[in-house]
Enquirer: 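I'd like to ask you about the structure that follows.
Chain letters run A, B, ... following the sequence lines, proteins first, then strands; residues in each count from 1. Remember, predicted model here, so these are calculated numbers, not experimental data.
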Amino acid sequence: MFHNSSQGKFWIFKSEDEVEQKRYKANQKVRNKIIESGKPGVSESKLLEHHEEDVLFRHYEKRMLDFCNAFKPVMPKSVVGTAIMYFRRFYLNNSIMEHHPRIIMLTCAYLSCKVDEFNVSSTQFVGNLLQETPAGQERVLEQILEYELLLIQQLKFHLVVHNPYRPMEGLLIDLKTRFPTLENPESLRKNADDFLTQAAMTDAGLLFPPSQIALTAILNSASRAGLSMESYLNECLGLKEDKETLSKMYESMSRMKTLKKYELPKAEEVNAYKKKLDRIHAEFSSSSNKRKRGYEEDGHVAKEARLTEEEWTDEDLV
Amino acid sequence: MDDQGCPRCKTTKYRNPSLKLMVNVCGHTLCENCVEMLFARGSGNCVQCDTPLRKSNFRVQLFEDPTVDKEVEIRKKVLKIYNKRDFDFPSLRDYNDFLEKVEDVVYNLTNNIDVENTKLRMEQYQRENRDLIQRNKVKLTREQEDLEELLLLEQQGNDQRRLELLQEEQRQLQTKRKNKQALLDELEQSQLPATILLAQHKVRAANLETQIEQQKQVVKPTNLFSTGIHMRQTVSLQPVPKIEEVLYLYKPLRVETYGPSVPELEHLGRLGYLNHVRAAMPQDTAGGYTSALACHRAVQDAFSGMFLLKR
């Protein structure tokens, strides 16, 4: 359950600022490392800034979502949610410049299928990369398998992710049972679902417990439909006496809603940053990856440079 | 035993499974033929370790590993000397210490560690406890004699029973044969019609059967249990000492869920939750699944961590 899970203990942070700080620090660390490595042709302008990384992150997140939605057989929502959470957690402590997101995102999806017991063989998985030849798919699979251990390590081996979908179901059941004032809770389902999908693309999963996210989704959807759920909160959830907790809950919910300022990144920006990123990876990552395979400093599992990385581009995804 | 070969002639063991391996005091094996050949003069040196050996010291190997045989021999000799019994010691601890000493001696002698010292210790012990050893030896032999007597008695009893059974069977066969013969004679000589004779014969055979059954049922009365305790003898048992301890107090497990309380699994049906969950199909219930399980999990997840605020 969430209350004694690793997610509750290690992956819920106090505020959005803390989360942003972490990302900023990861970005700075890699920037300094590349500059200090003293390679010729290095200049500050060639490296990605924090906000540029952000744009790219959101772009790749969207691509991962599209990939998962077009997946055959149909991927359950919890698997998609887990994959997005892995992606987000990974890039909390790592920078995009060090590990290219297109591989990481496939690895996240692959790992998420395994963890959530959505049984897909590896060949079937890469078979969903429709633009590739079977040989290309093989190569992608090899890369995924290489990065898998690194991903698990950066997730600190905390692989169980609690998504808000089941809490939402639970709340709907509870509403139907204990809150007869509301005639048709099913009508709230669609809007709540949309809210949850949008929330998955924000940092809500890193800041709030999934039950709170689900509750916010339902309350939001109810207020959209013009229904009041105050009495539910007071009576059924037993918060009538506990005014303090009640107010805190309202506060969290409003914070969550403000988080949802999700904008799709602009295409030109994305392209510009992507070029930068590819150049960075071609120049700098190959040098750092020439180490031998094995466990090295910082506990990173080093990867060998793969020339085949050039051949596979972003357009090969759906 | 086939995986071992005689270290000297090597092949002969495999070709001749009836050939026995002999072990000596140094722990090395030789097959019978090789023993004959090497120790024709009565004494010689071991093939592998070159210790001087005598032919008489060779014994047929009982165990697969010759070191085990060696240890068994050494142990027999050691125990002849260190033969104190458990009632010779004031406490269990002392008896255990003594046993450990014995094991140390046996171990040292088997693995050729510190042999002189160990032998010296043995001799010293022997000198100090000469009478005790003698007394224990006598006691041991007496006990062994008793055991042997009992074994003999048991054996005799078994043999007698077997004999009786055989005799019984013989008698039964004979009576059956006589019966048949009598029937044939009567058929020849008597004036009565055949059917009546047959009927008579059948009755007689049935009576015989019941008689045999009854004999088998008879249990020989005895007044002795197999362990030697007489029947109707009261055996007094010591009362078990009563141990007083602190009573265990059960405290139910409390888990902090940071959320409203979830109704128990058993109450979900009564509270009406199950009306809003998909009912379990017959295939699912076969495995023990009930819709309450899914419902309970969903509600638990919905309430877990709801009031948790990290600031």
Enquirer: List the steps and the verdict of side chain to side chain contact (heavy atoms under 4.5 Å, CB included) for Thr257(B) and Phe2(A).
Expert: CA-CA 8 Å; Thr257(B) 63; Phe2(A) 173 76; over 6 Å; no
Enquirer: Could you check whether any side-chain N or O of Gln300(B) sits under 3.5 Å from a backbone N or O of Gly170(A), counting only pairs where one atom can act as donor and the other as acceptor?
Expert: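 Side chain of Gln300(B) to backbone of Gly170(A), a donor-acceptor pair under 3.5 Å: no, none is there.
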Enquirer: Verify whether one side chain among Ser304(B) and His3(A) offers a donor that lies under 3.5 Å from an acceptor in the other.
Expert: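 A donor-acceptor contact under 3.5 Å links the two side chains.
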Enquirer: Mind checking the OH-OG spacing from Tyr258(B) to Ser211(A)? Nearest 0.5 Å is all I need.
Expert: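 That separation rounds to 12.5 Å.
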Enquirer: Less than 4.5 Å apart, side chain to side chain, heavy atoms only: is that true for Val277(B) and Ile173(A)?
Expert: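 Val277(B) reaches Ile173(A) side chain to side chain.
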Enquirer: Around atom OH of Tyr289(B), are there more than 12 heavy atoms from other residues, nucleotides or ligands closer than 6.0 Å?
Expert: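 Atom OH in Tyr289(B) is packed in, count exceeds 12.
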Enquirer: Find the one option among His162(A), Glu169(A), Met1(A), Met168(A) whose heavy-atom pairs under 4.5 Å with chain B are most numerous.
Expert: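 Top option by heavy-atom pairs under 4.5 Å: Met1(A).
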Enquirer: If you count the non-hydrogen atoms of other residues, nucleotides and ligands that lie under 6.0 Å from CD in Glu266(B), is the total more than 12?
Expert: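 Yes, because the 6.0 Å sphere around CD of Glu266(B) holds more than 12 heavy atoms from other groups.
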Enquirer: Count the heavy atoms belonging to other residues, nucleotides or ligands that lie under 6.0 Å from CD of Glu256(B), then report whether that count exceeds 12.
Expert: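 Counting other residues, nucleotides and ligands, CD of Glu256(B) exceeds 12 neighbours.
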Enquirer: Between Tyr273(B) and Arg178(A), is any pair of side-chain heavy atoms under 4.5 Å apart?
Expert: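 A side-chain contact exists here, since the closest heavy-atom pair is under 4.5 Å.
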Enquirer: State the CD1-CG distance between Ile12(A) and Leu308(B), to the nearest 0.5 angstrom.
Expert: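 Reported value, rounded in 0.5 Å steps: 7.5 Å.
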Enquirer: If you count heavy atoms of other groups shown closer than 6.0 angstrom to CG of Asn119(A), is the number above 12?
Expert: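 For Asn119(A), atom CG is not crowded (no more than 12 foreign heavy atoms under 6.0 Å).
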Enquirer: Is the number of heavy atoms from other residues, nucleotides or ligands under 6.0 Å of Lys25(A) NZ greater than 12?
Expert: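 Atom NZ in Lys25(A) is not packed in, count stays at 12 or less.
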Enquirer: Given that the side chain runs from C-beta out, which part of Leu271(B) has a heavy atom under 4.5 Å from chain A: side chain, backbone, both or neither?
Expert: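 Just the backbone, heavy atoms under 4.5 Å.
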Enquirer: Can you tell me if OH on Tyr24(A) sees more than 12 non-hydrogen neighbours from other groups inside 6.0 Å?
Expert: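 Open.
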Enquirer: A side-chain contact here means heavy atoms from C-beta on lying under 4.5 Å apart; do Leu171(A) and Phe303(B) qualify?
Expert: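 Yes - at least one pair of side-chain heavy atoms lies under 4.5 Å apart.
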